[in-house]
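This report concerns only the one structure given below.
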Amino acid sequence: MRHGSFLSCPHSLKGLYMRKSYYLKGFKCKNKSFFFFFFFLIILPFYSYSQTFSVSPSMAIPGAATVFAQVAVSSLSPVMDVSFGIEKICIDITHPQTDDLTLWLISPNGTEILLSAENGGSGDNYTMTCFDGNQANPNITSGSAPFTGNFLPEQSLGFLNVGTIDPNGTWKLKIKDDFFFRSGTLNSFSITFGNNPALVPTSSNDDCVNAIPLNINSNFTCTLLNAATLSNATQSPESDLCNFTNSPFDDDIWFVFTATSNSHEFLISSIVGSSNELIFQVSSGVCGNIVPIFCYENNNHNFTVHDLTIGNAYFLRIASKSNVNPQNISFNICIKFGIPNPPPNDECAGAYSIPAGGSGCTGVLGTVNGATASADLFSCGTSGGFTNDVWFSFTAAQSSHQIFVSDISGTATDLDFQLNQGNCGNLSQKLCFYDPIPGDEIIIPVNNLTIGNTYYLRVSTFNNAPQNTSFKICLGTPPPSPVNDNCAGAIELTQLANDCNIITSTIEGASGQKGFECDVSFEDYFDDDVWFKFTPSSSSHEIDIFNISGSTNDLVYEVLSGTCANLNPLLCQDDPNNEILLTGLNQNKVYFIRVASYLDLIENTNFEIRIRHDNLIVCNENESGPGTLREAIINANAGETIQLDETLNNKPLYLDFPPLIIDKPLSLNNNFGENIIFKNADPNFFEVLMKIQNQFSVKSLILQGTSEDALKIEIKNGGSLISY
């Protein structure tokens with residue numbers, strides 16, 4: 001055979017795969033005939049090689065959305081196994097908070113591998129982050145953002161290299177962003193194949209003594225997942241007491257968990273590998289002497305175990321259903337609160353009697369754990385659906401009662417209430433009540449009761465999903481109504497010369513007067529209103545409500561004019577500053593101010609209220625707040641004089657941080673001939689407490705520092721302090 005003759009008869013060889021052997025037989029060329037015997041064209045991997053497929057899409061990852069990036073793979077061997085397969089994937093993602101993201105790799109046949117689920121905390125970015133099978137690398141769950149370098153994914157890439165998947169086709173990177181207000185960008189995505197493929201990890205919990213502790217969710221969700229694999233698992237010496245037909249525990253793995261509920265639900269997900277059929281056993285006892293309490297063999301892989309003892313440890317034993325070994329199955333385990341049997345008061349006929357006692361009473365304990373929806377009608381407009389309701393009853397001893405609900409705890413602590421009258425099976429709704437503040441103590445007012453009649457209270461969580469919420473409930477007597485509970489008892493607000501006529505009031509025990517609202521949307525708020533009135537001394541006044549304390553500090557206000565028999569609404573206000581500025585007032589009219597809590601609940605809020613017409617009177621020695629020097633300086637115009645009220649005779653005006661700034665010419669005077677004293681409020685604070693940047697004239701000023709450097713006054717930028 002001549003070399004030149006060989007070149008004169010070219011022949012193309014296409015569609016060849018790496019690592020395969022090919023045999024070239026004799027063939028004829030035009031005008032020439034060649035025949036070759038025992039000529040082998042062999043393409044073998046004489047050295048390690050790899051091939052990478054990549055894209056750089058600059059693809060947006062919107063908040064609260066799921067996106068897919070694709071990489072096309074071709075011309076590879078049609079089987080991935082332990083000698084050739086996927087080695088790693090690499091990503092580059094710009095994102096301000098990586099724990100918003102969950103990442104999966106999806107093979108052309110649809111097999112899904114979880115790479116990373118909400119890892120990295122509040123850190124940002126996956127910067128050239130690679131996932132591979134090198135067991136020396138840290139798991140992505142133990143890393144922190146920004147992620148850079150090589151990590152083990154949450155599920156092994158080795159489950160793709162099991163001899164059943166063709167790498168040729170479209171591979172996808174699935175990205176889920178679960179937070180609406182943040183977004184990111186996928187910069188690049190690559191997959192590398194070669195003959196150093198990722199291998200399936202070996203089970204470390206092959207025996208009972210090496211059982212791995214399981215994370216348990218604190219509610220009915222599956223936020224916490226536990227990864228598991230049956231790779232290379234063997235049979236344990238513990239007895240197989242489940243006796244499944246043709247399904248021995250011959251390749252079992254072991255976990256241990258401590259019960260946090262009497263019932264737990266187990267969910268098995270993301271099963272990949274050589275089979276998707278598993279068997280389960282839950283046992284008590286100790287290794288070598290286990291006592292099976294639950295056996296499960298069903299292909300849906302979700303089951304609930306009841307009658308557990310909270311605080312006790314239990315073993316979970318899992319094996320493949322097949323008796324063919326070995327298996328390389330991988331999956332995730334979720335344990336969440338299970339739904340127990342319904343409580344005795346799940347229906348109206350089993351209603352618990354509510355004991356008397358009022359706020360702080362021992363009460364009766366209730367729970368919606370295991371509760372189901374009742375057949376009795378419900379029509380509460382604000383309810384979540386009463387899908388897990390329980391029932392209570394009481395006999396009215398007076399025309400008004402208060403129901404106290406406390407010690408609310410569990411998976412959901414915002415509750416719905418419905419009060420009904422009549423008999424079980426023939427009830428009519430009397431009251432609906434929803435508590436929008438989860439977990440707080442609730443007081444439900446019930447009025448217009450018929451003494452001696454029995455009433456039924458229905459309680460549910462607002463959230464329709466199963467919950468294990470518990471609470472304590474008892475019956476009390478309403479507190480006495482405040483003197484200004486209605487318009488006729490309105491407390492007079494007067495404007496004394498010193499502007500410090502402060503009235504202390506409360507809405508505890510207050511009832512509501514309807515029919516006066518300037519805005520119908522405010523009507524339900526004024527169910528616990530108290531009343532004040534005043535006759536203006538000028539065309540404008542400011543009403544201040546301050547020192548608010550108690551069960552809520554969120555108040556609403558209404559201003560009206562006229563008489564109690566003929567009121568004219570002027571203003572509705574829901575203002576967190578708790579200040580009402582009134583202008584255009586008629587000095588010949590009487591005005592009413594109505595104060596209530598924003599919530600449709602019984603509250604015990606206390607507050608102070610005053611009416612002002614002069615902002616320049618100091619009647620409060622504290623460093624900040626209504627009537628203080630700080631407030632007067634803020635309100636004063638350049639050149640004005642601030643007056644000290646006689647109630648502060650020989651009392652110091654306290655200074656504290658932040659420093660009081662005098663940036664306009666002002667005077668501070670008293671009309672009773674005594675000294676004006678400045679003193680530091682905190683004896684251990686040594687920073688500047690007053691910065692004087694303009695002229696500040698103070699009559700008979702005395703400085704009383706409680707220790708050295710404890711009262712610092714800074715004068716600069718043309719400022720001056722004059723004591724006259």
Side-chain angles (χ1 to χ4, degrees), residues 494-504 542-549 577-579 607-724:
T494 59
Q495 312 98 56
L496 301 181
N498 61 15
D499 250 15
C500 287
N501 186 28
I502 297 174
I503 300 296
T504 300
E542 182 176 282
I543 308 298
D544 292 339
I545 293 91
F546 52 95
N547 288 339
I548 303 172
S549 63
N577 294 322
N578 300 308
E579 296 175 354
F607 59 92
E608 292 182 328
I609 183 171
R610 69 170 176 171
I611 185 169
R612 305 172 58 197
H613 67 92
D614 188 346
N615 295 331
L616 304 184
I617 298 292
V618 179
C619 55
N620 184 344
E621 71 268 28
N622 293 332
E623 66 89 18
S624 64
T628 61
L629 177 61
R630 185 183 296 272
E631 181 189 60
I633 289 175
I634 292 173
N635 291 326
N637 295 316
E640 290 190 317
T641 297
I642 299 169
Q643 296 292 334
L644 201 66
D645 181 68
E646 62 182 354
T647 59
L648 297 183
N649 186 14
N650 288 322
K651 292 183 178 180
L653 302 180
Y654 287 99
L655 305 179
D656 206 344
F657 191 82
L660 196 59
I661 297 176
I662 314 297
D663 57 359
K664 51 196 169 186
L666 295 173
S667 296
L668 179 60
N669 190 19
N670 59 16
N671 293 322
F672 43 87
E674 299 293 337
N675 296 318
I676 296 177
I677 304 169
F678 287 169
K679 191 173 184 177
N680 54 301
D682 185 349
N684 299 313
F685 191 79
F686 302 105
E687 301 299 323
V688 174
L689 300 180
M690 179 181 286
K691 294 184 178 182
I692 302 176
Q693 301 168 1
N694 213 309
Q695 180 175 309
F696 189 34
S697 301
V698 183
K699 184 177 181 180
S700 303
L701 174 64
I702 292 180
L703 303 178
Q704 289 185 350
T706 55
S707 61
E708 185 177 356
D709 291 333
L711 178 61
K712 290 183 179 179
I713 297 177
E714 178 183 274
I715 303 173
K716 66 178 185 179
N717 297 334
S720 62
L721 176 61
I722 301 172
S723 178
Y724 64 95

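Note that this is a predicted model, so its numbers are computed, not measured. Every heavy atom of this structure was used, including side-chain atoms; hydrogens, water molecules and symmetry mates were not.
- Here the CD1 atom belonging to Ile715 is positioned 13.5 Å from the NZ atom belonging to Lys691, to the nearest 0.5 angstrom.
- Between Thr504 and Asn547 the shortest side-chain heavy-atom distance does not fall below 4.5 Å.
- Using modelled atom types, one side-chain atom of Lys664 and one backbone atom of Ile633 make a donor-acceptor pair closer than 3.5 Å.
- Aromatic ring orientation, Phe657 versus Phe685: tilted (interplanar angle from 30° to 60°).
- Among residues two or more places apart in sequence or in another chain, the ring-ring contact (aromatic ring centres under 6.0 Å, His included) test is passed with Phe546 by none.
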Quick one: do Glu687 and Lys712 satisfy salt bridge (charged side-chain N to carboxylate O under 4.0 Å, His left out)? Show the steps, please. CA-CA 7 Å; Glu687 301 299 323; Lys712 290 183 179 179; 5.7 Å; no
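- Taken from CE in Met690 to CG in Leu660, the straight-line distance is 4.5 Å, to the nearest 0.5 Å.
- Contact record, Ala632 with Val618: CB-CG2, 4.0 Å, taken as the closest heavy-atom pair.
- A distance of 5.5 Å separates OH in Tyr724 from OG in Ser667, rounded to the nearest 0.5 Å.
- A 4.5 Å side-chain heavy-atom check between Asp663 and Phe696 finds every atom pair outside the cut-off.
- If you run side chain to side chain contact (heavy atoms under 4.5 Å, CB included) between Asn680 and each of Leu703, Asp709, Leu655, Leu689, only Leu689 comes through.
- The NZ atom of Lys651 lies 15.0 Å from the CD1 atom of Ile676; values are rounded to the nearest 0.5 Å.
- Between Val698 and Ile722, every side-chain heavy-atom pair lies at or beyond the 4.5 Å cut-off.
- Between atom CG of residue Leu701 and atom CD1 of residue Ile713 there is a gap of 6.5 Å, rounded to the nearest 0.5 Å.
- Scanning all heavy atoms of the two residues, the minimum distance from Ser707 to Phe686 falls at OG-CE2, 3.7 Å.
- Expressed to the nearest 0.5 Å, how far CD1 of Ile661 lies from CD1 of Ile692 amounts to 11.5 Å.
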Quick one: do Asn717 and Gln693 satisfy side chain to side chain donor-acceptor pair (under 3.5 Å)? Show the steps, please. CA-CA 5 Å; Asn717 297 334; Gln693 301 168 1; 5.1 Å; no
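- Side-chain contact check for Asn620 and Thr628: no donor-acceptor pair (N or O, by modelled atom type) lies under 3.5 Å.
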Which is it for Phe678 and Leu668 under the side-chain contact (heavy atoms from CB on, under 4.5 Å) test, yes or no, and what are the steps along the way? CA-CA 12 Å; Phe678 287 169; Leu668 179 60; 4.0 Å; yes
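- For the pair Asn622 (side chain) and Ser624 (backbone), a donor-acceptor distance under 3.5 Å is absent.
- Side-chain atoms of Glu631 come within 3.5 Å of backbone atoms of Gly627 as a donor-acceptor pair (strictly under, hydrogens ignored).
- At a threshold of 4.5 Å between non-hydrogen side-chain atoms, the residues Ile609 and Asp544 do not count as touching.
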Do Glu621 and Arg630 pass the salt bridge (charged side-chain N to carboxylate O under 4.0 Å, His left out) test, and can you show the C-alpha distance, the side-chain angles, and the key distance before you say yes or no? CA-CA 10 Å; Glu621 71 268 28; Arg630 185 183 296 272; over 6 Å; no
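- Residue Ala710 comes nearest to Pro683 through the heavy atom pair CB-O, 3.9 Å, listed as atom of the first residue, atom of the second, then distance.
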